[in-house]
Amino acid sequence: MASYKEKEIENLIEGFEQVCRSMGLRVTHQRLEIFREMAKYPGHPTAENVFGRVRKRLKTISLDTVYRTIALFEKNGLVRRVQMLDNSARFDTNLSIHHHLICTRCKSIEDFYWPDFDQMRLPSSAIRWGDIYSRHIEVRGLCKNCKKAHKE
Ligand SMILES: [Zn+2]
Ligand SMILES: [Zn+2]
């Protein structure tokens, strides 16, 4: 029996294949492997993280190919770039509306959902500012693991 996480990854891959087809992008073995590793990676990988994993199965792949493939995914809305304070690009395969819990020590990024916030009316100062496309909350702090390590 597939675990919840495996099921979630299978759904993401299915969605990926659908979007590729609808955009006329070929679903090559290489693209599929790269996307799968991105979806499986806990906590929003960098291109280097993805390369490190994909390379185990695709021996001849280069980091440059991984960069270019992720850039192609990003351009077509298949993954989203997460902006971090230290300017390292991290990528998100979860395209549903969600927010991030960011640990400033281990740099982990976890998703969380906040439907109440998503439905909340923005203050008039924000509405007056211009056209709003999306809103995103970043909660920064020390994660449980780092907090524990810090105490010991
Ligand atoms: Zn941490
Ligand atoms: Zn996320």
Side-chain angles (χ1 to χ4, degrees), residues 2-20 25 27-120 122-123 126 129-130 132-152:
S3 71
Y4 173 71
K5 184 70 191 159
E6 281 169 49
K7 187 96 191 72
E8 204 179 11
I9 290 162
E10 285 315 310
N11 286 341
L12 283 173
I13 291 168
E14 218 168 276
F16 169 78
E17 288 179 299
Q18 269 170 18
V19 174
C20 281
L25 275 179
V27 184
T28 61
H29 177 61
Q30 187 173 282
R31 286 177 184 167
L32 205 57
E33 286 298 310
I34 290 173
F35 184 82
R36 186 192 304 278
E37 287 306 330
M38 292 181 87
K40 267 165 64 178
Y41 200 93
H44 311 71
T46 62
E48 289 79 5
N49 295 146
V50 178
F51 175 62
R53 291 199 174 195
V54 167
R55 170 161 74 162
K56 287 178 193 154
R57 279 205 296 266
L58 305 174
K59 304 272 183 220
T60 56
I61 199 164
S62 68
L63 178 59
D64 191 54
T65 301
V66 173
Y67 277 133
R68 277 188 285 114
T69 306
I70 294 176
L72 178 82
F73 291 169
E74 195 189 353
K75 203 178 122 211
N76 288 281
L78 291 156
V79 301
R80 211 163 22 207
R81 186 184 287 259
V82 182
Q83 227 57 53
M84 286 285 284
L85 274 180
D86 60 4
N87 286 327
S88 68
R90 304 270 293 263
F91 295 93
D92 206 336
T93 50
N94 180 0
L95 300 179
S96 55
I97 295 170
H98 69 279
H99 308 280
H100 286 144
L101 300 164
I102 298 178
C103 177
T104 53
R105 178 179 263 223
C106 69
K107 312 274 191 251
S108 66
I109 307 176
E110 254 181 66
D111 291 344
F112 76 100
Y113 295 87
W114 193 0
D116 284 348
F117 169 81
D118 303 332
Q119 281 153 24
M120 213 156 63
L122 286 168
W129 167 83
I132 313 268
Y133 303 135
S134 67
R135 39 170 146 172
H136 174 79
I137 293 286
E138 275 185 16
V139 176
R140 290 173 189 271
L142 210 56
C143 75
K144 239 187 280 153
N145 290 339
C146 288
K147 206 175 131 190
K148 214 173 123 213
H150 194 63
K151 270 193 198 139
E152 276 161 9

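Geometric assessment of Arg135 against the ring of Phe117 yields a positive cation-pi assignment under the 6.0 Å and 45° thresholds.
Separating the CG atom in Leu25 from the NZ atom in Lys75 is a distance of 8.5 Å, to the nearest 0.5 Å. For the atom pair CG (Leu12) and NZ (Lys7), the distance works out to 11.0 Å, reported to the nearest 0.5 Å. Here the OG atom belonging to Ser134 is positioned 9.0 Å from the CD1 atom belonging to Ile97, to the nearest 0.5 angstrom. One distance of note links OG of Ser108 with NZ of Lys144; it measures 11.0 Å at 0.5 Å rounding. Atom CD of residue Glu110 and atom CZ of residue Phe112 lie 10.5 Å apart, to the nearest 0.5 angstrom. Between the CH2 atom in Trp114 and the CD atom in Gln119 there is a gap of 12.5 Å [rounded to 0.5 Å].
The closest side-chain donor-acceptor pair between His44 and Asn94, if any, does not fall under 3.5 angstrom. No donor-acceptor contact under 3.5 angstrom links the side chains of Asp111 and His99, judged on distance only.
Between Lys147 and Arg105, the closest side-chain pair of non-hydrogen atoms is not below 4.5 Å. Put simply, the side chain of Val82 reaches to within 4.5 Å of the side chain of Ile109, judged on heavy atoms. The closest side-chain heavy-atom distance from Ile70 to Ile34 is below 4.5 Å. Side-chain contact check for Cys106 versus Asn145: every heavy-atom pair is 4.5 Å or farther apart. Looking at Ile137 and His100, their side chains never come closer than 4.5 Å, going by heavy atoms from C-beta outward. In this structure, the side chains of Leu72 and Arg68 stay at 4.5 Å or more apart for every pair of heavy atoms.
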* Go through the steps for Ile13 and Leu32 under the test side chain to side chain contact (heavy atoms under 4.5 Å, CB included), then give the verdict. => CA-CA 8 Å; Ile13 291 168; Leu32 205 57; 4.1 Å; yes

* Kindly determine whether Thr28 and Arg31 satisfy side chain to side chain contact (heavy atoms under 4.5 Å, CB included), including the steps that lead there. => CA-CA 5 Å; Thr28 61; Arg31 286 177 184 167; 3.2 Å; yes

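When Thr93, Thr46, Asn49, Val50 are each tested for a side-chain contact (heavy atoms from CB on, under 4.5 Å) with Tyr41, only one passes: Asn49.
Between Ala39 and Ile9, the closest heavy-atom pair is O-CG1, 4.0 Å. Contact record, Leu78 with Phe35: O-CE1, 3.8 Å, taken as the closest heavy-atom pair. Summarising the geometry of Ala47 relative to Leu63, their closest heavy-atom pair is O-CD1, 4.2 Å, with the distance given to 0.1 Å. Minimum interatomic distance between Gly43 and Arg90 (heavy atoms only, all atoms of both residues): O-NH2, 2.8 Å. Across Ser96 and Tyr113, no two heavy atoms sit closer than the pair OG-OH, 3.7 Å.
Taking the six-membered ring where the residue is Trp, His98 and His136 present perpendicular rings, their angle passing 60° and hence far from 30°.
In terms of modelled atom types and a separation under 3.5 Å, the side chain of Arg36 and the main chain of Glu10 share no donor-acceptor contact. Although no hydrogens or angles enter the test, the distance criterion places a donor-acceptor pair under 3.5 Å between the side chain of Thr69 and the main chain of Thr65.
For Arg140 and Glu138, the salt-bridge test passes: some basic side-chain N is under 4.0 Å from an acidic carboxylate O. Comment: Glu33 engages Arg57 in a salt bridge, judged by a side-chain N to carboxylate O separation of less than 4.0 angstrom.
For Phe73 and Phe91, the ring centers sit 6.0 Å or farther from each other.
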